[in-house]
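A short worksheet on the structure shown next.
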Amino acid sequence: AVDVASVLAVGDRTPHRGALDTIDDGDMPEGVLLRAKDLPAYVARFEAAVAKSGADVPVLRKALARVFFARKDHARAVRQLEALRDVVPDDTAVLRWLVSLYDTLGRADDARATLDALLSHDPGDVAAWEDLGRRLAKGGLAEEAARAFTNAIEMRPLEPDGHRLMARP
């Protein structure tokens, strides 16, 4: 059985804002969750408690996503990350992870929308602009792809990588 008190104690003493970036992995409740044989039942109880109280625990959501990811249950990992994104919408690490998992699950439209959200929160993310440019080019949207690559170049005007992206047919 999942030791709910142990899991929630970690989440309750952790500040919600920015906790995802500052928490040391040793403090995360993954160990308890990884050993859980009744994890789906625990998640159902957790979701019901969140729905009833309206109070979420971002650290626990991230831990659940990590555990589901470790178990190769990408669909459940995505559900936790989507809920986490709703609670902490400006966490760019969560958005990057969602883009990757959406790609893994073949959800290209969701990956693209999340990439757009990522860029709205972090317009200086050169890798995200390049990723967007590649996606747009692959989708036959050459003009939009060129704009995305131009944004990447503008972030690093002296580096040749971005210029090479623009030179590709």
Side-chain angles (χ1 to χ4, degrees), residues 10-11 14-31 33-34 39 43 47 50 56-169:
V10 172
T14 303
H16 294 308
R17 207 61 158 151
L20 303 177
D21 298 325
T22 59
I23 275 285
D24 180 12
D25 284 347
D27 294 333
M28 297 296 278
E30 279 106 318
L33 296 170
L34 275 168
L39 189 57
V43 171
E47 296 293 350
V50 169
D56 213 322
V57 183
V59 171
L60 183 54
R61 290 255 182 228
K62 190 170 188 182
L64 286 166
R66 286 182 179 180
V67 168
F68 286 128
F69 183 78
R71 292 180 175 186
K72 306 266 190 261
D73 190 343
H74 297 142
R76 283 189 174 146
V78 163
R79 282 196 291 279
Q80 292 305 314
L81 290 172
E82 288 171 338
L84 182 57
R85 177 193 57 203
D86 294 343
V87 176
V88 191
D90 58 347
D91 188 325
T92 57
V94 169
L95 295 174
R96 282 185 195 94
W97 195 5
L98 270 170
V99 169
S100 175
L101 283 173
Y102 285 144
D103 284 341
T104 298
L105 294 172
R107 294 172 56 181
D109 291 341
D110 290 328
R112 165 75 193 287
T114 304
L115 194 54
D116 289 340
L118 170 62
L119 287 166
S120 74
H121 289 292
D122 186 4
D125 188 330
V126 175
W129 283 114
E130 291 173 355
D131 185 9
L132 179 61
R134 284 187 202 97
R135 290 169 190 273
L136 292 167
K138 184 178 179 182
L141 302 169
E143 192 172 312
E144 291 88 347
R147 276 197 296 274
F149 290 137
T150 299
N151 285 334
I153 290 169
E154 289 173 354
M155 299 297 151
R156 309 181 293 193
L158 300 177
E159 294 185 26
D161 292 344
H163 295 282
R164 279 190 221 120
L165 288 170
M166 288 293 290
R168 289 184 189 164

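Atom set for the values below is all heavy atoms of this structure, side chains included, hydrogens, waters and symmetry mates excluded. Note that this is a predicted model, so its numbers are computed, not measured.
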Considering only NZ, NE, NH1 and NH2 on the basic side and carboxylate oxygens on the acidic side, decide whether R96 and D131 come within less than 4.0 Å. no
I'd like to know if R61 and E47 make a salt bridge, using a cut-off of under 4.0 Å between side-chain N and carboxylate O.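 The answer is yes: the pair qualifies as a salt bridge.
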CG/D86: more than 12 non-hydrogen atoms of other groups inside 6.0 Å: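 Yes, enclosed.
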Between [X] and [Y], is any pair of side-chain heavy atoms under 4.5 Å apart?
| X | Y | value |
| --- | --- | --- |
| L64 | V43 | yes |
| L119 | L132 | yes |
| E154 | N151 | yes |

Considering all heavy atoms of both residues, which atom of [X] and which atom of [Y] are nearest to each other, and what is their separation?
| X | Y | result |
| --- | --- | --- |
| G133 | A145 | O-CB, 3.4 Å |
| L95 | P89 | CD1-O, 3.9 Å |
| L105 | V78 | CD1-CG2, 3.7 Å |
| A77 | F68 | N-CB, 3.6 Å |

Does anything in residues 136-146 pair up under salt bridge (Lys or Arg N to Asp or Glu O under 4.0 Å), and if so which pairs, sequence neighbours excluded?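 Every salt bridge (Lys or Arg N to Asp or Glu O under 4.0 Å) pair that includes a residue of residues 136-146, provided the two are not neighbours, is E143-R147.
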Start with the C-alpha distance between V99 and R135, add both sets of side-chain angles, then the distance that settles side-chain contact (heavy atoms from CB on, under 4.5 Å), and finish with yes or no. CA-CA 12 Å; V99 169; R135 290 169 190 273; 3.4 Å; yes
How far does CG of D91 sit from CG of L118, to the nearest 0.5 angstrom? 10.5 Å
Go through the structure and list residues passing side-chain contact (heavy atoms from CB on, under 4.5 Å) with A75, not counting sequence neighbours. D73, R79
Do any side-chain atoms of residues 110-117 form donor-acceptor pairs under 3.5 angstrom with protein atoms, and if so which ones, sequence neighbours left out?
residue: D110; atom: OD2; partner: R107; partner atom: NE; Å: 2.7
residue: D110; atom: OD2; partner: R107; partner atom: NH2; Å: 2.8
residue: T114; atom: OG1; partner: D110; partner atom: O; Å: 2.8

Test log, rule side-chain contact (heavy atoms from CB on, under 4.5 Å), inputs F149 and L136: CA-CA 10 Å; F149 290 137; L136 292 167; over 6 Å; no
Verify side-chain contact (heavy atoms from CB on, under 4.5 Å) between L84 and D56, making sure each step is shown before the conclusion. CA-CA 9 Å; L84 182 57; D56 213 322; over 6 Å; no
Side chain of W129, backbone of P123: donor and acceptor closer than 3.5 Å?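 Yes; at least one donor-acceptor contact below 3.5 Å.
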Anything under 30° is parallel, anything over 60° is perpendicular, the rest tilted; go ahead and classify F69 against W97. perpendicular
Check against side-chain contact (heavy atoms from CB on, under 4.5 Å), L81 and L101: CA-CA 10 Å; L81 290 172; L101 283 173; 3.5 Å; yes
